Structure formats: structure tokens, C-alpha cells
2 protein chains.
Amino acid sequence: MTPSIRVALVEDNARLREQLAQFIAAAPGFACVGACADAATALATLPAAAPEVVLMDIRLPGMSGVECVARLKARLPEVKVVMLTAYDDSETILQALENGASGYLLKRTPPADLLRSIQEVQNGGAPMNSHIARLVVQSFHRRGSSPRSCENLTTREEEVLRLVAQGFINKEIAESLGISLETVRQHLKNCYAKLHVRTRTEAAMKVFR
Amino acid sequence: MTPSIRVALVEDNARLREQLAQFIAAAPGFACVGACADAATALATLPAAAPEVVLMDIRLPGMSGVECVARLKARLPEVKVVMLTAYDDSETILQALENGASGYLLKRTPPADLLRSIQEVQNGGAPMNSHIARLVVQSFHRRGSSPRSCENLTTREEEVLRLVAQGFINKEIAESLGISLETVRQHLKNCYAKLHVRTRTEAAMKVFR
DNA sequence: CGATTTCTCCCCCGAACGGGGTATGGCCAG
DNA sequence: CTGGCCATACCCCGTTCGGGGGAGAAATCG
């Protein structure tokens, strides 16, 4: 027989976690190699457990599931992560997908469908419901059409940030635009505030992909 | 009864076009308001026909379906376009989605499913098969995090750079990876040398665009 | 086996960055 | 005309970054 798919869980609700763990462990072709209650535990223990698929609650105490996906994928690039949630939290779900999640399921998904989705994601699929599919495609439209993610930036701010994205340091940007170094810094401060980021790299990636 | 959904076709195969047109026209709740053989005809006649949903072959003589979507959406921003194709042409499909297509179906889709998909897209959905869903999500990963031109980077270097691209500062990356700050710095120095860049932002943009 | 690569850690130091202020002039809308 | 937004410019201060060294352990390659 083919080896079982190694599955791990990250779910703070103890009852649901145990329930899922036992169900997966009992299912033929599936093995439960981990069941964590929070993101910190997951990051600490899952690299050693080497799961192939991780089911992760999108709402976790402490570090969010989204943040956890990003960090987990940084350490285990091959792992496939399927987010679990009780609600259709659009914004969070898109962030999770951007951070490396491969699929999205509702917690109320019937167990049989859950197993099918695990197999699907293991085979390179992307299980998600139609609602999420729509969000994803809409997001695609935004990226495809010229308007970037943030139109609240002034033309000058965007101009400065574009040069930042090309790797120039502030001094070079100042010379390039014929303005003072301090002014460049001021524009960037405004960018950070508007984009809710703390570094030039984060701002550049957010606006210019 | 609710008004019929106004559907138009763009399909160069005359036989398939007529077949689909008659099927849609005959279906209760659907109306076929146009059936064009090429992109030029579609752009000329569809604005007057005012369809709500357009089924468009992705391979057309002359102007491609992808290009046609972009131009059609420019004139009819509200129209929903579902691409039809016989093959899984990944690259083309993603371009179509970026240009404003809302869904993607195989030509061999059963007629009943076709009607259901038209309704789905009319209601704001995004009909697509699981294969396309996977492509879309993978593309998402690339935008969020996934390497491109970094064959010379080691796995660790790439791992560090991915976190850099997410806006983390070295100290946070060190904690996240469970290594020393100095080691993170060392990996980044190697990245800069290999990528021929001088700043973290430039490196991040170069590898993760 | 030795050589190379990879990952890890440490030092110094100057430049660059980010956050906190403050301020002036131009322009436009209410 | 007054308030708000924008672009410009400057200060201080602590943190972060990038380049320059050096070095050891493990894995991999030839």
C-alpha cells in the first residue's frame, strides 16, 4: 500500500483538536503526526514531526494562523497548509493564501470531505469553497489592472517608494529627485503610516508586488 | 419570473458556437444575445448587445481571447467573462484572469454544469475547476512568497530572504529561525553577493518581485 | 582521504534607517 | 479667508544595516 499522508493539526479548541486527531489517525491512508494548540508550539514541534499536510485554525491564541503559516512555510517550504475556520473572514483568508496556505475549508466541513481535501492538497490541488474562489479571482483582477493596492499614497510618495523598490538608498533618491534627504525621509514616514508597515522593504513589497 | 440572464458567446468553431447558442437560448432563465466568431466582431457588437455574461474561447483567430477580455472589460466593466478552452493552458489562463476574466471552464464541461456556472458567475462567483484553482493559488504564493531567479541561493539563504521580503528585521528573523542575529546577517551578506545587490529591499524585489 | 560548501557564530565601525518632533510656503475647497 | 493637504526642510536619538574581518563544525564532493 502507499504510505499514509502525514497530517498535523493546529487548533486551539481541545475538544475539536482531539476529535480531528483521532478521526485522521483512524482513517486508512492518513497518519496524525502532530496536534498543537497554538502557533508557538506548532513552530517548535512541527519541523521535527515533518508533516506533509497541516490543518491550521485561522484564529489562534497569541500568534495568528496567518502569521504561523508564513513562518512555518519558511522552515518547511514543502508543507501544504489548509486553513480551517468557522467564518468567511475574507481579508484574513487572502492573507493566509498569500503567505503560503494552499487551501481553505470551513470547520463544519464533513469529515469525509476533509479527508478528500487532504488528499487533494497532497496531490497539488487547492481545496476551497466557491466563495473563496471568488475572492481570489477578484484579488487577481486588482493585481492585474494597473491600480495598485494603495491609492492613498500621494504621487510624490509613490515616486519615492518606487525608487526604494529599485534598491536605491535615501541619499540617492534625494539626488535623483532633486530634493533634500530629509524630505525623502519624510515622504517615506508618510508611506509607512499609510501602509501600516515599519520598513522600506515591507512597503515596497506591498505596493510593487 | 426573474429575467433571463443575458449570455453572449465568442467561439470560432461554427458548429460548437451554434450548438451552445441554441442550448442557452432554449434553457429557461437564459437568453443568448450574441454569438461571435472572433474577437473583432465581439468588440464591435457586444457593447450594443449588453450581455451580462460572456463565454469566450481562449483561442481565437486574430486577436486572442485574453486580449479580447481586456478590451471588452474596458468597455463593459460590469460584464462577467468565463473563459472556455479545450486545454489546460496555465499561462494563458492566468493572464485571462488578470485581465478580468471571472471564471474558467473546459469545453467538455457538461451543458448542465455550464448553465450552473453561468448562474454562479452572475451571482458573483468564480467558476473554475480544481486544476485552475491550484494554478491560481500557486500564483498567489509567488506574489506573496516564492523564489524566481535564485538558483544560486542556498535553501537557508532563500529562507532568510523570504522573511526579509515580508518586512521582518534581522532580529525577528533570527528568533523566527532559532539562529543568531549574526548568522542572519551572514546569510544576507551572501545573498547580496550572489544577487549583486547592496540592500535588502533590492534583494527581496529581485527574488520575490 | 582532502577539498569544498554550507551553516553557524563573533568582532568592529561607519553609514543608513525609523520615529519623534517642528516649520514654511503653495494650493484648493469649503 | 481659513483649514486641510501636500511638498519641502531640519533637528535629535536610538536602532538597524552592510562591509570588513575571522573561525569552527558538519556535510558533501571528488
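What you see is a predicted model, and the numbers here were worked out from it, not measured in a lab. Every chain is numbered from 1 and lettered A, B, ... according to where its sequence line falls, protein lines coming before strand lines.
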Given salt bridge (Lys or Arg N to Asp or Glu O under 4.0 Å), test B:E182 with B:R185 step by step and report yes or no.
CA-CA 5 Å; B:E182 294 300 327; B:R185 282 161 43 73; 3.5 Å; yes
For B:E52, what residues pass the side chain to side chain contact (heavy atoms under 4.5 Å, CB included) criterion, not counting sequence neighbours?
B:I5, B:R6, B:Q122
Can you list every side chain to side chain donor-acceptor pair (under 3.5 Å) pair that touches residues 12-36 of chain A, not counting sequence neighbours?
none
Got a salt bridge between A:E172 and B:R198, using NZ or NE/NH1/NH2 to carboxylate O under 4.0 Å?
yes
Using a strict threshold of under 4.0 Å (side-chain N to carboxylate O), is an ion pair present between B:E202 and B:K206?
no
Quick tally for nucleotides 8-21 of chain C: nucleotides whose base has a protein heavy atom under 4.0 Å get B, sugar-phosphate-only ones S, the rest -, giving BBBBB---SSBBBB
